[in-house]
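Order of the sequence lines sets the chain letters (A, B, ...), proteins ahead of strands, with each chain counted from 1. The analysis underlying the following values was restricted to heavy atoms, covering all of them including side chains, and did not include hydrogens, waters or symmetry mates. Owing to the predicted nature of the structure, the values given are computational and were not obtained by experimental measurement.
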Amino acid sequence: KAGVTQTPRYLIKTRGQQVTLSCSPISGHRSVSWYQQTPGQGLQFLFEYFSETQRNKGNFPGRFSGRQFSNSRSEMNVSTLELGDSALYLCASSFGGPAEETQYFGPGTRLLVL
Amino acid sequence: SQQGEEDPQALSIQEGENATMNCSYKTSINNLQWYRQNSGRGLVHLILIRSNEREKHSGRLRVTLDTSKKSSSLLITASRAADTASYFCATAPYNTDKLIFGTGTRLQVFP
């Protein structure tokens, strides 16, 4: 079956703009997690959604938000972009949750903020 | 903050040699997972080991877990150039539903 897909793959924005990233999980998976990866901070957990509800949230400001639709597809939004938001954003899906079982990762969206 | 710290940060070996990476963590866990990442792409799951397991194998990979020392190791035997990648441990702390990644080890395997 098809893997996790993320769109767009690359994005360039300027400071102050907002951005929406999309993640389509593997069919049947109800949990979607988002991570930010930067050279300085490594892989940081953003949030996790399960059946349209946010179950867990990492230590990120309120500018970072997300949602999950009834078909399990998820979006994350970053408002008022800052230079430090430049990163690779990864989503991962699973049947249960990130702490229970294997996570299947998408290829990521590389965001550059100028 | 990072739950896991990996050691070494970087490792260079020749094809055919074994590579060992270590991961230490801070709190009690439900399980520990190892992932591989090639050159800024998505992560690929390698092995999940639960807190009540001590060792697990998958092909050329062997993972050990010592919960008393809060540490794990990943051994790749008979390494290949295609094993060149970054390797991350990720822990699922007890009573949370989060997966927290370590800092990673960059492995370079020379042909």
Side-chain angles (χ1 to χ4, degrees), chain A residues 3-7 9-10 21 23-26 29-51 53-60 86-112, chain B residues 1-10 21 23-53 56 58 61 63 65 74 85-106:
Chain A
V4 178
T5 59
Q6 291 187 246
T7 56
R9 293 291 311 278
Y10 303 92
L21 312 181
C23 173
S24 293
I26 290 172
H29 285 187
R30 296 164 68 185
S31 169
V32 175
S33 299
W34 288 90
Y35 299 85
Q36 181 197 65
Q37 186 176 28
T38 60
Q41 297 298 315
L43 271 155
Q44 302 280 324
F45 172 77
L46 279 157
F47 29 65
E48 185 243 353
Y49 286 86
F50 184 88
S51 293
T53 300
Q54 186 183 89
R55 289 200 300 191
N56 286 286
K57 193 175 188 308
N59 296 324
F60 278 82
S86 293
L88 180 66
Y89 290 88
L90 295 161
C91 78
S93 75
S94 62
F95 286 109
E100 300 169 18
E101 55 192 67
T102 298
Q103 295 295 288
Y104 294 87
F105 280 82
T109 294
R110 189 166 294 280
L111 171 65
L112 177 62
Chain B
S1 63
Q2 304 289 77
Q3 155 83 315
E5 295 292 329
E6 288 169 72
D7 168 58
Q9 289 189 339
M21 289 158 261
C23 169
S24 60
Y25 56 92
K26 298 172 184 173
T27 64
S28 298
I29 60 172
N30 288 319
N31 65 65
L32 185 146
Q33 306 178 32
W34 284 91
Y35 288 84
R36 183 187 75 219
Q37 184 179 38
N38 289 85
S39 199
R41 298 180 186 175
L43 279 73
V44 174
H45 181 261
L46 298 176
I47 286 184
L48 182 154
I49 186 165
R50 301 199 183 277
S51 60
N52 60 352
E53 297 175 310
K56 222 166 177 182
S58 177
L61 307 180
V63 167
L65 178 64
L74 169 67
S86 291
Y87 291 81
F88 294 89
C89 70
T91 52
Y94 186 65
N95 269 346
T96 74
D97 200 20
K98 297 181 183 180
L99 197 60
I100 302 177
F101 282 82
T103 50
T105 293
R106 289 190 312 278

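- Interface remark: A:Tyr35 contributes side-chain atoms only to the contact with chain B (heavy atom separation under 4.5 Å).
- Applying the salt bridge (Lys or Arg N to Asp or Glu O under 4.0 Å) test to residues at least two apart or on different chains, the pairs with a partner in residues 29-53 of chain B are B:Glu53-B:Lys56.
- In this view, A:Phe50 satisfies the ring pair (Phe, Tyr, Trp, His ring centres under 6.0 Å) rule with no residue, not counting sequence neighbours.
- No donor-acceptor pair closer than 3.5 Å links the side chain of A:Glu48 to the backbone N or O of A:Ser33.
- Heavy-atom distances place the side chain of A:Gln37, and not its backbone, under 4.5 Å from chain B.
- Residue B:Leu48 touches chain A through its side chain alone, counting heavy-atom pairs closer than 4.5 Å.
- A distance-only check finds a donor-acceptor pair linking the side chain of B:Asn31 to the backbone of A:Ala99 [under 3.5 Å].
- Both the backbone and the side chain of A:Gln103 come within less than 4.5 Å of a heavy atom in chain B.
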